[in-house]
Structures are given as structure tokens and as C-alpha cells.
Amino acid sequence: MNNAKKTSHRLGFKTGESIVYPAHGVGEIVAIEEQVVAGCTLELFVISFEKDKMTLRVPTAKAASVGMRKIAEDTLVDKALETLTGRARVKRTMWSRRAQEYEAKINSGDLISIAEVVRDLHRSETQPEQSYSERQLYEAAIDRIVREIAAVNGGTDTEAMRIVETALAQSPRRPAKKAANEEEASEELEDEAA
């Protein structure tokens, strides 16, 4: 590999700018450089994910197709926070299918989709514990949304987490016992209808 030439901006992105890479979340473009790989010259965004201690090199020509984007505007963050205050919408499908859908939403890089995962998997103290896989998906989603809100606000992850927790506290939650009874009753009705 051979560094040929460096530039500071390309395709609307510039060095020092925070971006969102769907599969990894918020990162920072630390350089835009040309490298010769197998005799071909490639122009690359060099993206650092500080928290994950990872550096990613993305060909500039592939940035759009992989979904790399600028961090969200304030209005999109407000819409995501509003999503968190809504009622959880959990489909009545097998957990494995729902888990795949949640994972796809997290890896889409779309802030609203990630907020939906956080909203749907959030559990208050009065609700039953999450399974291990639910917890893993919830933590991945909350990490993504917190890091992007922190980047947008120029604050810390802790400050962003407080904002997310405040929004989640405003969402309507059914008490666990009542929710379980309602679910059993609706299943009985479905069985009688069948």
C-alpha cells in the first residue's frame, strides 16, 4: 500500500467531520487519502470509531451505497426522541423473526428505526426482565442513538443518555401483570375464534 495524495473533502464529507456508518454507528473522518491497491488507485475515507478502537477505510465511490451519511439534524433528533415517547409496538411473531427485524433496523443507520427498537425493547422496573438476546439488541440500539445524539449536541454520551431516558420515561407503559393478563385474554379469544 502506498499513500499517494491526500485531500480534505470529497462528496460533501470532510476530514474532522462526524458521520454515521450504518453497520458501526458514529465515527469521525480522520483522512481522505488515495492508496494503490493491487495496481489500482483507490480514494478512501479513513473513518475512526474511537469508542470501538477501530479504523475503517471506505472507498469514496462506495460511501453512498453503504449508507454512510452525515449526523442527523436537530429536527431528526427531535423526531427520534418523540418516537421514544410512543407506545411500544411489538408484533406478535416469533422472537427470532422480530430479532432479525430489530437487527436490520439497528444496522440500517436510520435514527428513527433505531429509536423504534429502543422504544419497543425498553423495559421499566415494573416489567419483566429481558432475555439475553433482547438485552443485546436493546444495548446495541441505545448505544447507537446515544452516540448520535451526543455527536449532534456536542455533549457526552452520559448527557445524551439522560435525554434518552427522559424521553423513555414519558412513554406510556402498561403494568406487567395487567399486560400479561391482557395477552392471555386475547390469546384465549383468538383460540375461540379459530
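The analysis underlying the following values was restricted to heavy atoms, covering all of them including side chains, and did not include hydrogens, waters or symmetry mates. Starting from 1, each residue takes its place in the sequence as its number.
A donor-acceptor pair under 3.5 Å links the side-chain atoms of T83 to the main chain of K79, judged by distance alone. Formation of a donor-acceptor pair under 3.5 Å by the R119 side chain with backbone atoms of G86 is not found in this model. The backbone N or O of A72 lies less than 3.5 Å from a partner atom in the side chain of E148, making a donor-acceptor pair. Looking only at distances, no side-chain donor or acceptor of D157 sits under 3.5 Å from a matching main-chain atom of R147.
Judged as a ring pair (Phe, Tyr, Trp, His ring centres under 6.0 Å), the pairs with a partner in residues 19-43 (not counting sequence neighbours) are, in order, Y21-H24, H24-F49. Judged as a salt bridge (Lys or Arg N to Asp or Glu O under 4.0 Å), the pairs with a partner in residues 97-107 (not counting sequence neighbours) are, in order, K91-E101, K105-E116. Residue pairs meeting the salt bridge (Lys or Arg N to Asp or Glu O under 4.0 Å) criterion with at least one member in residues 159-169: none, sequence neighbours excluded.
For S18 against I71, the heavy-atom pair with the smallest separation is O-CG2, 3.7 Å. Closest of all the heavy-atom pairs between M68 and P22 is N-CD, 3.9 Å. For I145 against A80, the heavy-atom pair with the smallest separation is CD1-CB, 4.4 Å. When all heavy atoms of I29 and K14 are compared, the pair lying nearest together is CB-O, 3.7 Å. Of all the heavy atoms in T15 and I32, the pair that sits closest is CG2-N, 3.8 Å.
Applying the side-chain contact (heavy atoms from CB on, under 4.5 Å) test to A99 and every residue at least two apart in sequence or in another chain returns W95, L137. P59 is linked by a side-chain contact (heavy atoms from CB on, under 4.5 Å) to L44, K62, counting only residues two or more places apart in sequence or in another chain. Remark: D78 engages no residue in a salt bridge (charged side-chain N to carboxylate O under 4.0 Å, His left out) (not counting sequence neighbours). Scanning for salt bridge (charged side-chain N to carboxylate O under 4.0 Å, His left out) contacts around E82 gives an empty result, with sequence neighbours left out. Under the rule for a side-chain hydrogen bond (donor to acceptor under 3.5 Å, both in side chains), the partners of E139 that lie at least two apart in sequence or sit in another chain are R135. Not counting sequence neighbours, the partners of T55 by the side-chain contact (heavy atoms from CB on, under 4.5 Å) test are V46, R57. Annotation: side-chain contact (heavy atoms from CB on, under 4.5 Å) contacts of A160 (sequence neighbours excluded): V146, I149, A150. Checked against salt bridge (charged side-chain N to carboxylate O under 4.0 Å, His left out), E50 has no partners two or more places apart in sequence or in another chain. Residues satisfying the salt bridge (charged side-chain N to carboxylate O under 4.0 Å, His left out) test with K53, not counting sequence neighbours, are none.
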### Task
Determine, step by step, whether Y138 and V117 satisfy the side chain to side chain contact (heavy atoms under 4.5 Å, CB included) criterion, reporting the C-alpha distance in whole Å, the side-chain angles of both residues, the deciding distance to 0.1 Å, and the verdict.
CA-CA 7 Å; Y138 176 74; V117 175; over 6 Å; no
### Task
Test N153 against I163 for side chain to side chain contact (heavy atoms under 4.5 Å, CB included), laying out the working first.
CA-CA 11 Å; N153 293 346; I163 293 168; 3.5 Å; yes
### Task
Start with the C-alpha gap between M161 and I142, add the side-chain angles, then the distance that decides, and say whether side chain to side chain contact (heavy atoms under 4.5 Å, CB included) holds.
CA-CA 8 Å; M161 186 63 172; I142 206 152; 3.7 Å; yes
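Grouping the Ile, Leu, Val, Met, Phe, Trp and Tyr side chains by contacts below 4.5 angstrom, directly or via other members, places V90 with L84. Residues I114 and L76 share a hydrophobic cluster, clusters being chains of Ile/Leu/Val/Met/Phe/Trp/Tyr side chains in contact below 4.5 Å. In the hydrophobic clustering of this structure, V30 does not group with V26; members are Ile, Leu, Val, Met, Phe, Trp, Tyr whose side-chain heavy atoms approach within less than 4.5 Å, directly or through other members.
Rounding to the nearest 0.5 Å places CG of L121 at 9.0 Å from OG of S133. Here the OG-CZ distance, from S108 to R144, works out to 9.0 Å after rounding to the nearest 0.5 Å.
Residues T60 and E43 have side chains that bring a donor and an acceptor to within less than 3.5 angstrom of each other.
Note on ring orientation: taking the six-membered ring where Trp is involved, the planes of F45 and F13 are perpendicular (angle over 60°, cut-offs 30° and 60°).
Residues L111 and E73 have side chains not in contact (no heavy-atom distance under 4.5 Å, counting atoms from C-beta outward).
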